[in-house]
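Step one of this worksheet: look at the structure below.
Everything numeric in this text was worked out from a predicted model, so none of it was measured. Numbers restart at 1 for each chain; the letters A, B, ... are given by sequence-line order, proteins then strands. Note: hydrogens, waters and symmetry copies are ignored here, and every other heavy atom, side chains too, is used.
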There are 2 protein chains.
Amino acid sequence: MKNKSEDYQKMIKTYLEHNSCPVAATMSVIGGKWKSIILYLISHDVKRFGEMHRMIDGISKKMLTSQLRELEADKIIHRKVFPVVPPKVEYTITERGLSLRPLIIAMREWGLENVLKIRHYT
Amino acid sequence: MKNKSEDYQKMIKTYLEHNSCPVAATMSVIGGKWKSIILYLISHDVKRFGEMHRMIDGISKKMLTSQLRELEADKIIHRKVFPVVPPKVEYTITERGLSLRPLIIAMREWGLENVLKIRHYT
DNA sequence: CGGCATCCTTCATGATACTG
DNA sequence: CAGTATCATGAAGGATGCCG
């Protein structure tokens with residue numbers, strides 16, 4: 001236990017010194033205002049743009065686009081364009097995206113257990 | 001597996017309809033720009049204000065204050081003021097805060113495994 | 001349908017200075 | 001030491017309209 005603790009302290013120091021905290025890194029991937037919801041939705045099924053737009057209450061097309069682009073850049077989701085009229089675009093989760101599922105699930109469960117006890121949340 | 005999947009779909013629907021997705025709720029607690037780092041630091045030890053201010057590179061006193069206040073409001077951390085001169089304030093993690101540790105650890109591990117593979121992160 | 005371009009507003013955050 | 005107060009600003013995000 002002592003070792004573990006010392007280990008942590010060292011890692012903290014290293015991370016912060018190099019300004020590369022992996023916790024923060026993960027947050028930068030899933031921490032966008034809507035990303036966790038998108039991830040949660042998409043991890044269960046292929047989703048189309050309009051479909052998500054309808055499912056996520058209050059999100060604008062612009063926001064949805066930007067969040068999807070960022071997730072794509074991080075290789076969490078994959079964007080497949082069908083060259084048809086009218087346009088059709090499908091978003092699927094990648095393998096790396098799937099590796100985030102345990103995290104999303106854990107967040108969901110923590111939320112379920114604590115949501116009612118905490119202050120209002122937006 | 002089929003049940004599970006249907007279950008998910010239902011839950012998604014319910015959450016989104018009621019605008020109370022627990023994943024988003026959790027994000028609202030740990031999703032602040034610096035919260036995960038603060039949490040990570042504080043979960044290992046009692047920390048003083050200035051101490052954290054020094055440890056977290058780039059954070060302003062104002063930001064640190066606001067983030068700490070929010071975590072306190074969510075009962076994730078506890079703020080203890082010592083009536084001495086000069087002032088002394090200690091921040092400790094609460095039990096609810098501790099229940100977030102597995103999440104933080106999981107985020108840290110995902111970050112370690114993926115950080116090098118993804119695009120730049122801030 | 002799935003965006004992008006543009007304009008515009010508001011909010012989060014930085015900088016700086018002050019205090020019990 | 002551990003904050004508050006005040007001011008300033010840049011960027012995030014909303015609204016709207018257009019397009020292939």
From CG of B/Leu64 over to P of D/dG3, roughly how many Å is that when rounded to an integer? 8 Å

Please identify each residue that fulfils side-chain contact (heavy atoms from CB on, under 4.5 Å) with B/Val81, with sequence neighbours left out. B/Arg79, B/Val89

Going by chain and number, the hydrophobic cluster around A/Val84 (ILVMFWY, side chain to side chain under 4.5 Å) further includes A/Phe82

Among residues at least two apart in sequence or on other chains, which ones pass side chain to side chain donor-acceptor pair (under 3.5 Å) with B/Arg48? none

All side chain to side chain donor-acceptor pair (under 3.5 Å) counterparts of A/Thr65, not counting sequence neighbours: none

Any side-chain N or O of B/Arg48 under 4.0 Å from OP1/OP2 of D/dC1? no

Residues passing the side chain to side chain donor-acceptor pair (under 3.5 Å) test with B/Arg54, sequence neighbours excluded, are none

Donor-acceptor pair, A/Thr92 side chain versus A/Val46 backbone, under 3.5 Å? no

Distance in angstrom units between B/Lys80 NZ and D/dG3 P, rounded: 15 Å

Specify the separation, in whole Å, of atom NE2 of B/His53 and atom C1' of D/dA2. 11 Å

What residues, two or more places apart in sequence or in another chain, satisfy side chain to side chain donor-acceptor pair (under 3.5 Å) together with A/Ser99? B/Trp110

Name all residues meeting the salt bridge (Lys or Arg N to Asp or Glu O under 4.0 Å) criterion together with A/Glu72; count only those two or more places apart in sequence or in a different chain, and write none if there are none. none

Is there a side-chain contact between B/Tyr91 and the phosphate of D/dG3, meaning an N or O under 4.0 Å from OP1 or OP2? yes

Where along nucleotides 4-20 of chain D does protein come under 4.0 Å, by heavy atom, of base (B) or sugar-phosphate alone (S), with - for untouched nucleotides? S-BB-----BBB----B

So what is the end-to-end bend of the helix from C/dC1-D/dG20 to C/dG20-D/dC1, with 5 pairs used at each end and the value given to 10 degrees? 60°

I'd like to check A/Lys80 versus A/Tyr91 (side-chain heavy atoms, cut-off strictly below 4.5 Å). Are they in contact? no

Could you tell me which non-hydrogen atom of A/Thr94 sits nearest to which non-hydrogen atom of A/Lys75, and how far apart they are? OG1-O, 2.7 Å

Contact boundaries of DNA chain C with chain B (under 4.0 Å, heavy atoms), 5' to 3'? C/dT13 to C/dG20

Once you round it to whole Å, what is the distance between P of D/dG3 and CG of B/Leu68? 7 Å

How many Å lie between NZ on B/Lys47 and P on D/dA2, as a whole number? 13 Å

Among all residues two or more places apart in sequence or in another chain, which pass the salt bridge (Lys or Arg N to Asp or Glu O under 4.0 Å) test with A/Lys88? A/Glu90

